[in-house]
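Here the structure comes first, spelled out in structure tokens, and everything after it is commentary.
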Amino acid sequence: MMNNKRKESFSSRVYAVVRTIPKGKTLSYAEVAKMAGSPKAARAVGNILNKNYDSGIPCHRVVRSDGSTGGYNRGEKRKQEILKNEGVVA
DNA sequence: CATTTGACGCCAA
DNA sequence: TTTGGCGCCAAAT
């Protein structure tokens, strides 16, 4: 059926979106927020990921719209290393 | 329940 | 170009 109205909170939707990010690809917090349903919740997205570092969720593939890596629970440097390791040329 | 924080984004100076 | 400030949202305290 199509009763699946997804009553999950914004955070759950964010996780789902981030999880869809393919290897070697990066999405900005604003993009994720938009896909999650709130085009201006970029801040909220960062906040959610920050307090919920989940394995399986490539939160390291989420960067700022400026192209900066932003932050990471393990260290921004670590995040950049992972992205390069994944195949992110720039 | 109200207030503060925070891995952001965009505009103005 | 860089810095500062404002706006917006959700979770934590």
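In what follows, chains are A, B, ... by sequence order, proteins preceding strands, each numbered from 1.
Between A/Asp66 atom CG and B/dC10 atom P there is a gap of 7 Å when expressed in whole angstrom units. Between A/Tyr72 atom OH and B/dC8 atom P there is a gap of 15 Å when expressed in whole angstrom units. Here the P atom of nucleotide B/dA7 and the CZ atom of A/Arg74 are 17 Å apart, to the nearest Å. A/Leu27 has its CG atom 20 Å from the P atom of B/dA7, to the nearest Å. Distance NZ (A/Lys77) to C1' (B/dA7): 18 Å, rounded to an integer number of Å. Atoms NZ (A/Lys34) and P (B/dG9) sit 12 Å apart, rounded to a whole Å. Taking atom OH of residue A/Tyr53 and atom C1' of nucleotide B/dG6, one finds them 18 Å apart after rounding to whole Å. A/Phe10 places its CZ atom 14 Å from the P atom of B/dC8, with the value rounded to the nearest Å.
Stem regions for DNA chain C, each three or more consecutive Watson-Crick or G-U pairs with both distances under 3.5 Å and listed by first number, read B:2-6 with C:9-13, B:8-13 with C:2-7.
Listed nucleotides: B/dA7, B/dT5, B/dC8. Nearest to the side chain of A/Asn47: B/dT5.
For DNA chain C, the outermost nucleotides in 5' to 3' order that have an atom under 4.0 Å from a heavy atom of chain A are C/dG7 to C/dA12.
Of all heavy-atom pairs between A/Tyr72 and A/Cys59, the closest is CE1-SG, 4.2 Å.
Within the structure, every side-chain polar atom (N or O) of A/Arg43 is placed at least 4.0 Å from both OP1 and OP2 of B/dG6. Look at A/Ser65 and you won't find any side-chain N or O under 4.0 angstrom from OP1 or OP2 of B/dC8.
For the side-chain contact (heavy atoms from CB on, under 4.5 Å) test with A/Ile82, the passing option among A/Arg61, A/Lys77, A/His60 is A/His60; the others fail.
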